[in-house]
Protein chains: 2
Amino acid sequence: MTGTPEAPTIPAWDRSQDAGTTPVREEDVSPHGCTIAHRLQILGAVPFFRHLAADELEAVNDLFSAFGYEPQETIYMSGAAAERLFVVAHGTVKLIRRTASGQDILLDILRPGDMFGSLPELGTREYLEDAEAQTSCCVLGVSSTDFQRILQRYPKVALSVLAIIAGRLQDAQGTISQLSAMPVEARIASALLKLGEKLGVESEGGLLLDTPISRQDLAAMSGTTTESASRAMSDFRRTGLIESGRRWIRIKDPDGRACRRPGHVFAYGTNPPDGPPRAD
Amino acid sequence: MTGTPEAPTIPAWDRSQDAGTTPVREEDVSPHGCTIAHRLQILGAVPFFRHLAADELEAVNDLFSAFGYEPQETIYMSGAAAERLFVVAHGTVKLIRRTASGQDILLDILRPGDMFGSLPELGTREYLEDAEAQTSCCVLGVSSTDFQRILQRYPKVALSVLAIIAGRLQDAQGTISQLSAMPVEARIASALLKLGEKLGVESEGGLLLDTPISRQDLAAMSGTTTESASRAMSDFRRTGLIESGRRWIRIKDPDGRACRRPGHVFAYGTNPPDGPPRAD
DNA sequence: CGGGCACTTGATGAATCTCAACGGAGGTGG
DNA sequence: CCACCTCCGTTGAGATTCATCAAGTGCCCG
């Protein structure tokens, strides 16, 4: 019993606005966001359920349950039995690996429509990472066995899930090569761009990361310390590449009109668009 | 046209034995290893085709072609159109990301039965990594569209592939946390244990890595330099943990009777078996 | 028998972690 | 509404790991 949502905690819908001087507005999570009526709509928008017929979607929907979490609350912990697969409905969720040395690694930040948790037929019977609510959020959960049945009944869903997981594998491999080859400042820049693509919303002055990202989050994404992350961010701010404050960040020139020049730190993309210059 | 095996190169079956003082015997790759007759047997042993009926397997087999490569030969390069999926039949294959800084990252070493290359329905239309023959090897290739059809026709295959890719994602995430959190020596030790699990064969005196692994390979797996890898290996050798020579390695105590004690470098496993000790 | 490659080892310096201290924002309780 | 307190972010100085540069050895192959 270590955080598996068998007995879902009370949703914290009544959470007061966190925003002060922050330009980041908290995702508006209202109680009816997870009512049975709306879950259909949410599941229907999930990439791998998109192609299901209405009645099929309804059948699938019956297998899911909703769970609410408040910020920083644990959804599951590594080591717990991996018996459930989740889909984010509202808010954002962090996937974190805790290492023996006490250092936390932020593997991913998930938005509505993203899946996480246990994948069926996977050898592992335990979660290998922690899942934690980053914002006030609502997730839909299905048992592994039920999801397994869904995959068997609707092959197209299985193919979509495969594509998603394969994409994540590619991303992870990109992260591996960055951790191996790039200096801290470039890794932070790369993390910012990745977050921008994923969570950015256009605002006057640039891409605003629409969820509270701390220096520690950036450090945990980049395999460094909060101090180093802070130093890099200060540099970027001084150079005018970003604006930032307490748990909010705006990337001033995401498209790289001024940034992605060769030699510049922001030139490091997530995936090199063209063939890498071999060093023969 | 940059290395896609449209026109497969001549197999180099006649390659003379590389073994000198090395205890690593080259995989015995004979020409008939890839004859049509034997391909059925090979494909039937592939994890995700194992459950196909004989006639189904035969139909699938017809879609594959065999390609032979000699050591260090490129199977495909990153940036090339990703239009083919491969399965290793004989030998071993390295997946390598080449970074802009010229540093190579060794993502994986693949054994017979392992798949690599393009996954269908995946957004990417180009390979993101290089695939290179590590030993003399034979691979079976199928076009992405044909593989897509296979997946659609045999849902069980799709589920198996999903499980495999999901497992690789977990591994990759483990690597990420190691690169982020562990010092060089521990990363090398961890790489050795991973290789041991994957490529090790019992031999008197310990687990012998049954494929030629250079210091540079270890460095590229661990995100460090050949010099650092060499220093770590020298330490391990002095401590009696391993034996090694020119492109061969024997792990003397893989089960960790003497090694996996707490505090020891070899205590770092690939995935922590029990809940991580939080540093609260 | 010569050259190249894999490996080793040492010295140096740069990148980055660690430790430490400080300022401000936001939230809490009086 | 103000005082306090905690957490986030910042910055500096010192310690440390690690990459880099530079030789040097032995094995294998041509």
Side-chain angles (χ1 to χ4, degrees), chain A residues 15-24 26 70-72 99 101-104 134 178-189 209 212-220 222-238 242-249 265 279-280, chain B residues 15-24 26 70-72 99 101-105 134 179-188 209 211-220 222-238 242-249 265 279-280:
Chain A
R15 191 172 168 284
S16 57
Q17 279 297 82
D18 197 19
T21 64
T22 307
V24 178
E26 282 272 292
E70 37 187 324
Q72 272 76 55
T99 67
S101 60
Q103 183 173 353
D104 291 352
Q134 186 189 31
Q178 288 179 356
L179 285 171
S180 302
M182 303 190 338
V184 167
E185 193 179 50
R187 298 206 301 270
I188 299 278
L209 300 191
I213 308 281
S214 68
R215 301 295 180 270
Q216 188 154 7
D217 290 331
L218 284 175
S222 314
T224 182
T225 59
T226 62
E227 293 96 328
S228 292
S230 181
R231 278 183 246 270
M233 293 292 284
S234 296
D235 276 353
F236 296 159
R237 202 164 345 102
R238 267 189 287 275
I242 63 169
E243 293 169 358
S244 71
R246 192 190 178 81
R247 274 146 75 84
W248 67 269
I249 302 166
V265 279
D280 267 338
Chain B
R15 189 172 170 284
S16 58
Q17 281 297 86
D18 194 21
T21 63
T22 179
V24 178
E26 281 275 292
E70 37 186 324
Q72 274 75 54
T99 67
S101 60
Q103 183 174 352
D104 291 352
I105 312 297
Q134 186 189 31
L179 286 171
S180 302
M182 302 189 341
V184 168
E185 192 180 49
R187 298 205 302 269
I188 300 279
L209 298 192
T211 198
I213 308 282
S214 68
R215 300 293 180 272
Q216 189 154 8
D217 291 332
L218 284 175
S222 314
T224 183
T225 60
T226 62
E227 293 97 328
S228 290
S230 180
R231 277 183 246 271
M233 294 292 283
S234 296
D235 276 353
F236 296 159
R237 203 167 341 101
R238 266 188 288 274
I242 63 169
E243 292 169 357
S244 72
R246 192 189 178 83
R247 277 153 67 85
W248 66 269
I249 302 168
V265 278
D280 269 337

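These numbers were taken from a predicted model, which means no experiment stands behind them.
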Restricting both atoms to N or O, compile the protein contacts to nucleotides 9-12 of chain C shorter than 3.5 Å, with distance only.
residue, atom, partner, partner atom, Å
C/dT9, OP2, B/S234, OG, 2.8
C/dG10, N7, B/R231, NH1, 2.9
C/dG10, O6, B/R231, NH2, 3.1

Legend entry - Nearest non-hydrogen partners of B/M182 and B/R187, listed with the distance: O-NH1, 2.8 Å
Inset, instruction - Count the heavy atoms of every other residue, nucleotide or ligand shown that sit under 6.0 Å from CD of B/Q216, and state whether that count exceeds 12. - result: no
Inset, instruction - Measure across A/L218 and A/S222 and return the closest heavy-atom pair with its distance rounded to 0.1 Å. - result: O-OG, 2.7 Å
Legend entry - Which atom of B/R215 lies closest to which atom of B/A229, heavy atoms considered: O-CB, 3.6 Å
Legend entry - OP1 or OP2 of C/dC7 under 4.0 Å from side-chain N/O of B/R247: no
Inset, instruction - Taking B/D235 for its side chain and B/A232 for its backbone only, find out whether a donor-acceptor pair lies under 3.5 Å. - result: no
Show me the protein contacts with nucleotides 3-5 of chain C, counting only N or O atoms at under 3.5 Å.
residue, atom, partner, partner atom, Å
C/dC5, O2, B/R246, NH2, 3.2

Legend entry - Listed nucleotide nearest any side-chain atom of A/T225, set C/dT8, C/dT18, D/dG9: C/dT18
Legend entry - Distance in Å, B/S180 OG paired with A/Q103 CD, rounded so as to fall on 0.5 Å steps: 6.5 Å
Inset, instruction - Indicate yes or no for a side-chain donor-acceptor contact from B/S230 to the backbone of B/T226 under 3.5 Å, with no hydrogens or angles considered. - result: no
Legend entry - Smallest separation among heavy atoms of B/I213 and B/D217, with atom names: CA-OD2, 3.7 Å
